[in-house]
Trainee: 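Submitted below is the structure of interest, expressed as C-alpha coordinates.
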Amino acid sequence: KAGVTQTPRYLIKTRGQQVTLSCSPISGHRSVSWYQQTPGQGLQFLFEYFSETQRNKGNFPGRFSGRQFSNSRSEMNVSTLELGDSALYLCASSRFTSGVSYNEQFFGPGTRLTVL
Amino acid sequence: AQKITQTQPGMFVQEKEAVTLDCTYDTSDQSYGLFWYKQPSSGEMIFLIYQGSYDEQNATEGRYSLNFQKARKSANLVISASQLGDSAMYFCAMRGPNTGNQFYFGTGTSLTVIP
(Lines give C-alpha, C1' and ligand atoms only; values in the text may rest on other atoms or scores of the structure.)
Protein backbone atom coordinates (compact mmCIF):
# COMPACT_ATOMS: atom_id res chain seq x y z
CA LYS A 1 0.00 0.00 0.00
CA ALA A 2 1.50 3.33 -1.04
CA GLY A 3 2.13 5.88 1.69
CA VAL A 4 1.27 9.55 1.79
CA THR A 5 2.94 11.43 -1.04
CA GLN A 6 3.68 15.11 -1.19
CA THR A 7 4.82 17.20 -4.08
CA PRO A 8 7.02 19.00 -4.58
CA ARG A 9 9.60 17.94 -2.00
CA TYR A 10 11.53 21.18 -2.18
CA LEU A 11 10.49 24.63 -3.25
CA ILE A 12 12.17 28.01 -3.36
CA LYS A 13 10.04 31.11 -3.74
CA THR A 14 10.46 34.84 -3.24
CA ARG A 15 8.46 37.13 -1.01
CA GLY A 16 5.08 38.08 -2.40
CA GLN A 17 4.71 35.00 -4.56
CA GLN A 18 2.16 32.30 -3.96
CA VAL A 19 2.67 28.56 -3.72
CA THR A 20 0.54 25.44 -3.97
CA LEU A 21 1.51 22.20 -2.28
CA SER A 22 -0.08 18.86 -3.04
CA CYS A 23 -0.78 15.82 -0.91
CA SER A 24 -2.09 12.40 -1.90
CA PRO A 25 -3.32 10.38 1.09
CA ILE A 26 -3.13 6.66 1.60
CA SER A 27 -5.80 4.88 -0.39
CA GLY A 28 -9.02 4.72 1.63
CA HIS A 29 -8.08 7.57 3.95
CA ARG A 30 -10.55 10.41 3.78
CA SER A 31 -9.06 12.72 6.40
CA VAL A 32 -6.11 14.91 5.43
CA SER A 33 -4.37 17.32 7.79
CA TRP A 34 -1.66 19.89 7.14
CA TYR A 35 1.03 21.04 9.54
CA GLN A 36 3.74 23.67 9.46
CA GLN A 37 6.99 22.84 11.22
CA THR A 38 9.66 25.40 12.04
CA PRO A 39 12.57 25.28 14.48
CA GLY A 40 11.12 28.14 16.50
CA GLN A 41 7.42 27.25 16.59
CA GLY A 42 7.55 23.49 16.37
CA LEU A 43 4.72 21.55 14.77
CA GLN A 44 1.67 23.71 14.19
CA PHE A 45 -1.67 22.53 12.90
CA LEU A 46 -2.94 24.32 9.80
CA PHE A 47 -6.20 22.61 8.86
CA GLU A 48 -7.92 19.28 8.38
CA TYR A 49 -10.17 18.19 5.56
CA PHE A 50 -12.62 15.33 5.53
CA SER A 51 -14.82 14.48 2.56
CA GLU A 52 -13.96 17.75 0.82
CA THR A 53 -14.98 19.83 3.86
CA GLN A 54 -12.68 21.71 6.18
CA ARG A 55 -13.32 20.17 9.58
CA ASN A 56 -10.75 21.95 11.72
CA LYS A 57 -8.60 25.03 11.30
CA GLY A 58 -5.55 26.20 13.18
CA ASN A 59 -4.57 29.73 14.04
CA PHE A 60 -3.06 30.87 10.77
CA PRO A 61 -3.83 33.96 8.68
CA GLY A 62 -6.15 33.79 5.71
CA ARG A 63 -3.15 33.67 3.37
CA PHE A 64 -3.10 29.95 4.15
CA SER A 65 -5.89 28.03 2.51
CA GLY A 66 -6.59 24.52 1.42
CA ARG A 67 -9.01 22.26 -0.32
CA GLN A 68 -9.73 18.60 -0.79
CA PHE A 69 -10.91 16.88 -3.92
CA SER A 70 -13.39 14.05 -4.32
CA ASN A 71 -10.53 11.53 -4.53
CA SER A 72 -9.30 12.80 -1.11
CA ARG A 73 -6.21 14.45 -2.58
CA SER A 74 -5.57 17.78 -0.96
CA GLU A 75 -3.81 21.00 -1.81
CA MET A 76 -2.75 23.87 0.35
CA ASN A 77 -2.05 27.34 -0.93
CA VAL A 78 -0.08 30.16 0.59
CA SER A 79 -0.50 33.54 -1.00
CA THR A 80 1.71 36.60 -0.62
CA LEU A 81 4.59 34.64 0.82
CA GLU A 82 6.57 36.07 3.72
CA LEU A 83 10.05 35.13 4.94
CA GLY A 84 8.48 33.56 8.02
CA ASP A 85 6.60 31.06 5.87
CA SER A 86 9.84 29.16 5.29
CA ALA A 87 9.16 25.80 6.87
CA LEU A 88 8.62 22.11 6.42
CA TYR A 89 4.98 21.52 5.47
CA LEU A 90 3.73 18.11 6.45
CA CYS A 91 0.60 16.39 5.27
CA ALA A 92 -0.97 13.49 7.13
CA SER A 93 -3.87 11.20 6.39
CA SER A 94 -5.98 8.91 8.53
CA ARG A 95 -9.08 6.77 8.40
CA PHE A 96 -12.32 8.13 9.75
CA THR A 97 -12.42 7.94 13.51
CA SER A 98 -15.52 6.85 15.37
CA GLY A 99 -16.35 5.51 18.78
CA VAL A 100 -13.54 5.17 21.27
CA SER A 101 -10.84 4.02 18.89
CA TYR A 102 -8.69 6.74 17.44
CA ASN A 103 -6.83 6.12 14.25
CA GLU A 104 -3.25 7.24 13.85
CA GLN A 105 -2.16 9.71 11.23
CA PHE A 106 0.35 8.71 8.62
CA PHE A 107 2.63 11.47 7.45
CA GLY A 108 4.14 12.24 4.10
CA PRO A 109 7.80 13.20 3.65
CA GLY A 110 6.97 16.90 3.67
CA THR A 111 7.59 19.83 1.39
CA ARG A 112 10.45 22.07 2.41
CA LEU A 113 9.59 25.63 1.42
CA THR A 114 12.21 28.34 1.41
CA VAL A 115 11.11 31.93 0.95
CA LEU A 116 13.84 34.36 -0.12
CA ALA B 1 -8.60 22.74 25.43
CA GLN B 2 -6.20 19.94 24.79
CA LYS B 3 -2.59 20.38 25.79
CA ILE B 4 0.44 18.15 25.49
CA THR B 5 3.59 18.79 27.52
CA GLN B 6 6.99 17.28 26.90
CA THR B 7 9.40 18.67 29.46
CA GLN B 8 12.61 17.09 28.18
CA PRO B 9 13.99 19.07 25.25
CA GLY B 10 16.96 16.73 24.94
CA MET B 11 17.89 13.29 26.23
CA PHE B 12 20.97 11.09 25.95
CA VAL B 13 21.06 7.33 26.34
CA GLN B 14 23.76 4.73 26.03
CA GLU B 15 23.33 2.20 23.28
CA LYS B 16 21.47 -0.95 24.47
CA GLU B 17 20.09 0.87 27.50
CA ALA B 18 16.41 1.72 28.05
CA VAL B 19 15.13 5.30 28.04
CA THR B 20 11.87 6.94 29.08
CA LEU B 21 10.53 10.01 27.30
CA ASP B 22 7.98 11.94 29.33
CA CYS B 23 4.60 13.18 28.15
CA THR B 24 1.78 14.69 30.15
CA TYR B 25 -1.52 15.86 28.76
CA ASP B 26 -4.56 17.83 29.70
CA THR B 27 -8.02 17.21 28.33
CA SER B 28 -11.64 17.34 29.36
CA ASP B 29 -12.50 14.43 27.08
CA GLN B 30 -13.32 11.10 28.68
CA SER B 31 -12.39 9.28 25.50
CA TYR B 32 -9.21 10.13 23.66
CA GLY B 33 -6.23 8.63 21.89
CA LEU B 34 -2.54 9.10 22.68
CA PHE B 35 0.21 8.67 20.10
CA TRP B 36 3.96 8.79 19.79
CA TYR B 37 5.80 9.71 16.63
CA LYS B 38 9.47 9.64 15.70
CA GLN B 39 11.01 12.21 13.38
CA PRO B 40 14.53 11.42 12.13
CA SER B 41 16.67 14.13 10.61
CA SER B 42 15.14 13.29 7.21
CA GLY B 43 11.95 15.00 8.40
CA GLU B 44 9.31 12.33 7.94
CA MET B 45 7.10 11.64 10.96
CA ILE B 46 6.89 7.93 11.75
CA PHE B 47 4.04 6.53 13.83
CA LEU B 48 5.31 4.41 16.73
CA ILE B 49 2.56 3.51 19.16
CA TYR B 50 -1.05 4.23 20.16
CA GLN B 51 -2.90 4.07 23.47
CA GLY B 52 -6.64 4.52 23.83
CA SER B 53 -7.92 6.12 27.00
CA TYR B 54 -10.13 3.09 27.71
CA ASP B 55 -7.40 0.55 27.07
CA GLU B 56 -6.64 -1.17 30.35
CA GLN B 57 -3.27 -2.51 29.31
CA ASN B 58 -0.26 -0.47 28.33
CA ALA B 59 0.43 -0.55 24.60
CA THR B 60 3.55 -2.25 23.30
CA GLU B 61 5.07 -2.37 19.82
CA GLY B 62 8.35 -4.21 19.65
CA ARG B 63 10.93 -2.21 21.59
CA TYR B 64 8.42 0.57 22.26
CA SER B 65 6.01 0.57 25.16
CA LEU B 66 3.74 3.26 26.49
CA ASN B 67 3.55 3.73 30.26
CA PHE B 68 -0.02 5.02 30.55
CA GLN B 69 -1.08 6.46 33.90
CA LYS B 70 -4.55 7.84 33.35
CA ALA B 71 -5.05 9.39 36.76
CA ARG B 72 -1.79 11.29 36.43
CA LYS B 73 -2.52 12.11 32.78
CA SER B 74 0.83 10.83 31.64
CA ALA B 75 1.77 8.74 28.63
CA ASN B 76 5.50 8.13 28.75
CA LEU B 77 7.28 6.32 25.94
CA VAL B 78 9.78 3.65 26.93
CA ILE B 79 12.34 2.52 24.39
CA SER B 80 14.16 -0.63 25.39
CA ALA B 81 17.59 -1.69 24.12
CA SER B 82 18.32 1.64 22.41
CA GLN B 83 19.93 1.56 19.01
CA LEU B 84 21.88 4.24 17.16
CA GLY B 85 19.00 4.53 14.71
CA ASP B 86 16.74 5.65 17.55
CA SER B 87 18.44 9.05 17.55
CA ALA B 88 15.64 11.40 16.47
CA MET B 89 12.99 13.81 17.68
CA TYR B 90 10.06 12.18 19.44
CA PHE B 91 6.63 13.75 19.61
CA CYS B 92 3.73 12.89 21.84
CA ALA B 93 0.26 13.62 20.44
CA MET B 94 -3.39 13.36 21.41
CA ARG B 95 -6.78 13.52 19.74
CA GLY B 96 -10.26 13.57 21.19
CA PRO B 97 -13.86 14.29 20.23
CA ASN B 98 -14.32 17.65 21.93
CA THR B 99 -11.96 19.31 19.50
CA GLY B 100 -13.18 17.55 16.39
CA ASN B 101 -10.59 14.80 16.67
CA GLN B 102 -7.83 17.23 15.77
CA PHE B 103 -4.32 16.07 16.65
CA TYR B 104 -2.41 18.05 19.27
CA PHE B 105 1.36 17.62 19.40
CA GLY B 106 3.89 18.33 22.11
CA THR B 107 7.08 20.26 21.48
CA GLY B 108 9.14 17.12 21.16
CA THR B 109 12.17 15.53 22.79
CA SER B 110 15.45 15.13 20.97
CA LEU B 111 16.96 11.73 21.75
CA THR B 112 20.62 10.99 21.10
CA VAL B 113 21.90 7.44 21.42
CA ILE B 114 25.57 7.27 22.36
CA PRO B 115 27.63 4.31 21.14
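Letters A, B, ... are given to chains in the order of the sequence lines, protein chains preceding strands, and every chain is numbered from 1.
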Trainee: Could you tell me the separation between the OH atom of B:Tyr90 and the CE atom of B:Met11, rounded to the nearest 0.5 Å?
Mentor: 11.5 Å

Trainee: Tell me, do A:Gln54 and A:Gln68 make a side-chain contact under 4.5 Å, heavy atoms counted?
Mentor: no

Trainee: To the nearest 0.5 Å, tell me how far A:Ser33 OG sits from A:Phe107 CZ.
Mentor: 7.5 Å

Trainee: In Å and rounded to the nearest 0.5 Å, what is the SG to NZ distance from B:Cys23 to B:Lys73?
Mentor: 12.5 Å

Trainee: Heavy atoms, side chains only, cut-off 4.5 Å: are B:Met94 and B:Thr27 in contact?
Mentor: yes

Trainee: What part of B:Gln30 gets within 4.5 angstrom of chain A, counting heavy atoms only: side chain, backbone, both, or neither?
Mentor: neither

Trainee: Assess the side chains of B:Tyr50 and A:Glu104: does a donor N or O sit below 3.5 Å from an acceptor N or O?
Mentor: no

Trainee: Side chain, backbone, both or neither: which part of A:Glu48 has a non-hydrogen atom closer than 4.5 Å to chain B?
Mentor: side chain

Trainee: Tell me, side chain or backbone of B:Phe47 under 4.5 Å from chain A's heavy atoms, or both, or neither?
Mentor: side chain

Trainee: What is the distance from atom CE of B:Met45 to atom CZ of A:Phe106, rounded to the nearest 0.5 Å?
Mentor: 13.0 Å

Trainee: Taking 4.5 Å as the heavy-atom cut-off, does anything in residues 13-20 of chain B contact chain A, and if so which residues?
Mentor: none

Trainee: Taking A:Asn77 for its side chain and A:Val19 for its backbone only, find out whether a donor-acceptor pair lies under 3.5 Å.
Mentor: yes

Trainee: A:Gln44 versus chain B, heavy atoms under 4.5 Å apart: side chain, backbone, both or neither?
Mentor: neither

